[in-house]
Trainee: 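Before I ask anything, let me first share the structure, which is written out below as structure tokens.
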There are 2 protein chains.
Amino acid sequence: MADTRQRLIDGAIDTIRAHGLTGATARGIAATAGVNQALVFYHFGSVNELLKAACLAATRARVEPFAERLDEVTDLRQLLALGRTLHAEERDRGNVMVLAQLLSGAQTDPDLAEATSASLQLWITPIERALSRLLASSPVAELIDTAGLARAVSAGFIGLELYEGVDADGAKAALDALDRLGVLIEVVDDLGPVAVRALRGKLRRTAKNLR
Amino acid sequence: MADTRQRLIDGAIDTIRAHGLTGATARGIAATAGVNQALVFYHFGSVNELLKAACLAATRARVEPFAERLDEVTDLRQLLALGRTLHAEERDRGNVMVLAQLLSGAQTDPDLAEATSASLQLWITPIERALSRLLASSPVAELIDTAGLARAVSAGFIGLELYEGVDADGAKAALDALDRLGVLIEVVDDLGPVAVRALRGKLRRTAKNLR
DNA sequence: GTCTATAACGCGATAGAC
DNA sequence: GTCTATCGCGTTATAGAC
């Protein structure tokens with residue numbers, strides 16, 4: 001069957017989610033998928049190749065519906081709320097955890113690093129698009145680097161997902177705090193030209209400290 | 001010798017940094033430490049126990065000098081700059097990476113989760129203390145949850161460290177974007193009572209959405 | 001406290017029958 | 001395309017000499 005490939009990919013995702021990257025062995029994945037262990041190597045050549053395919057598949061499956069909802073967001077508060085919804089859904093689905101596990105493994109595996117970076121980029125692209133759209137009409141638009149901010153948001157979210165795995169209460173408190181911080185941004189957004197000019201001046205003065 | 005314990009802990013830290021959590025085996029750690037493999041089990045009982053001890057040691061070694069510098073910070077821009085300095089230093093030392101690796105492994109290991117959560121708390125505590133001090137004189141002090149924010153900052157920093165391992169340029173862009181965002185907070189901080197009242201009203205309106 | 005030797009097992013990967 | 005069987009190796013952990 002041609003769907004043995006798919007069963008192995010799904011099995012890899014489920015195994016990583018349940019037992020982490022260290023538990024994602026050819027035998028373990030094959031058992032979860034309900035297929036023979038040798039088929040991992042027939043279809044993917046090596047365990048690493050299967051993991052890379054699974055990481056991209058898990059991320060794509062999650063980013064695509066997320067990107068649609070992202071396009072419907074009209075302000076920053078909604079954007080934060082969507083992030084929070086995503087986090088709640090991920091507690092059950094756990095596809096971001098697959099990415100987090102491989103991101104961790106990628107630190108000492110250049111081969112894995114390439115696939116992981118590409119998966120992360122799948123998140124970054126629609127988030128950057130949404131940020132650019134939401135900030136386009138804002139007076140602070142030109143002062144914010146949406147490309148960098150999208151990367152910070154994506155990477156930070158991965159960190160929060162990992163933190164949630166060891167301290168659920170702490171992660172909740174962290175998300176609440178970010179909600180409040182989001183309000184600050186909106187207030188700046190509504191300030192008018194005088195404060196924006198002050199902001200611009202402040203940024204220019206600190207710009208030389210950025211490299 | 002009594003310092004065989006210490007050599008094993010240092011060996012564990014170096015091994016995790018160089019080869020990740022999957023490469024941190026009893027044989028590999030002992031080789032790095034220059035001692036016999038059986039001593040891992042004599043001194044720590046199991047590899048996991050050694051890893052837990054190493055995680056706490058690596059974090060403590062990094063947090064203590066950091067906490068001192070943290071106490072000298074007088075505004076948010078300096079706080080961000082210190083975070084950036086820390087990040088630059090960590091590229092060489094890599095102690096945060098040890099924590100990141102174990103945080104990843106802790107997702108499917110409750111025993112590891114406890115030690116990892118405790119290590120992360122070592123970061124959170126001085127950061128929360130600094131945030132409380134810096135925001136105490138600010139008009140937005142009561143509107144910001146410093147406890148949650150310290151957790152978000154710490155977890156987010158771990159995520160950025162992991163991201164840096166697979167996309168150094170992207171991580172740099174992310175940090176630059178956060179620098180700019182820091183200026184926004186300062187501007188709000190300097191607004192005066194009128195804007196603060198607007199902020200307070202906005203927060204009250206959105207407070208019911210927070211749970 | 002440190003060493004050698006080894007037990008018991010799981011791992012990635014392959015050969016070859018079907 | 002799928003299976004069984006297996007090789008060679010690395011793993012945790014322990015037993016026992018020193």
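Because the structure is predicted, anything quoted here is derived from the model rather than measured. Per chain, numbering begins at 1; letters A, B, ... match sequence-line order.
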Trainee: Using atom NE2 of A:His19 as one end and atom P of C:dG10 as the other, report the distance to the nearest whole Å.
Mentor: 14 Å

Trainee: Charged N to carboxylate O below 4.0 Å: is that the case for B:Glu114 and B:Lys52?
Mentor: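 Here B:Glu114 does not pair with B:Lys52 in a salt bridge, since their nearest N and O are not under 4.0 Å apart.
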
Trainee: Which whole-number value in Å describes the distance from A:Gln6 CD to D:dG1 C1'?
Mentor: 17 Å

Trainee: From CG of B:Leu51 over to P of D:dA13, roughly how many Å is that when rounded to an integer?
Mentor: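 Those two atoms, CG and P, are 11 Å apart.
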
Trainee: Between C1' on D:dA13 and CD1 on B:Ile29, what's the gap in Å once rounded to a whole number?
Mentor: 14 Å

Trainee: Quick one, A:Ile158 and A:Leu120 - any side-chain contact, counting heavy atoms below 4.5 Å?
Mentor: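 Touching, per the 4.5 Å side-chain cut-off.
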
Trainee: Sequence neighbours left out, what passes side chain to side chain contact (heavy atoms under 4.5 Å, CB included) with B:Ser154? Give chain and number order.
Mentor: B:Trp123, B:Ile124, B:Ile127

Trainee: From CG of B:Asn36 over to C1' of C:dT4, roughly how many Å is that when rounded to an integer?
Mentor: 8 Å

Trainee: Check this for me, if you would: do B:Asp179 and B:Arg84 make a salt bridge, where the nitrogen-to-carboxylate-oxygen distance has to be below 4.0 angstrom?
Mentor: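 Yes, B:Asp179 and B:Arg84 are salt-bridged.
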
Trainee: Return the value, rounded to whole Å, for the distance between atom NE2 of A:His43 and atom P of D:dC3.
Mentor: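 Answer to the nearest Å: 9 Å.
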
Trainee: Enter the distance from A:Leu82:CG to A:Phe66:CZ here, rounded to the nearest 0.5 Å.
Mentor: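 It is 4.5 Å, given to the nearest 0.5 Å.
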
Trainee: OP1, OP2 of D:dT2 versus side-chain N and O of A:Thr4: anything below 4.0 Å?
Mentor: yes

Trainee: Listed by chain and number, what are the salt bridge (Lys or Arg N to Asp or Glu O under 4.0 Å) partners of A:Glu90, not counting sequence neighbours?
Mentor: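 Partners of A:Glu90 under the salt bridge (Lys or Arg N to Asp or Glu O under 4.0 Å) test: A:Arg62.
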
Trainee: Expressed in angstrom and rounded to an integer, what is the separation of A:Arg7 atom CZ from D:dT2 atom C1'?
Mentor: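 Rounding to the nearest Å, CZ of A:Arg7 and C1' of D:dT2 are 12 Å apart.
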
Trainee: Would you mind building the protein contact string for nucleotides 11-18 of chain C? One character per nucleotide, 5' to 3', B for base within reach (heavy atoms under 4.0 Å), S for sugar-phosphate only, - for untouched.
Mentor: BBBB----

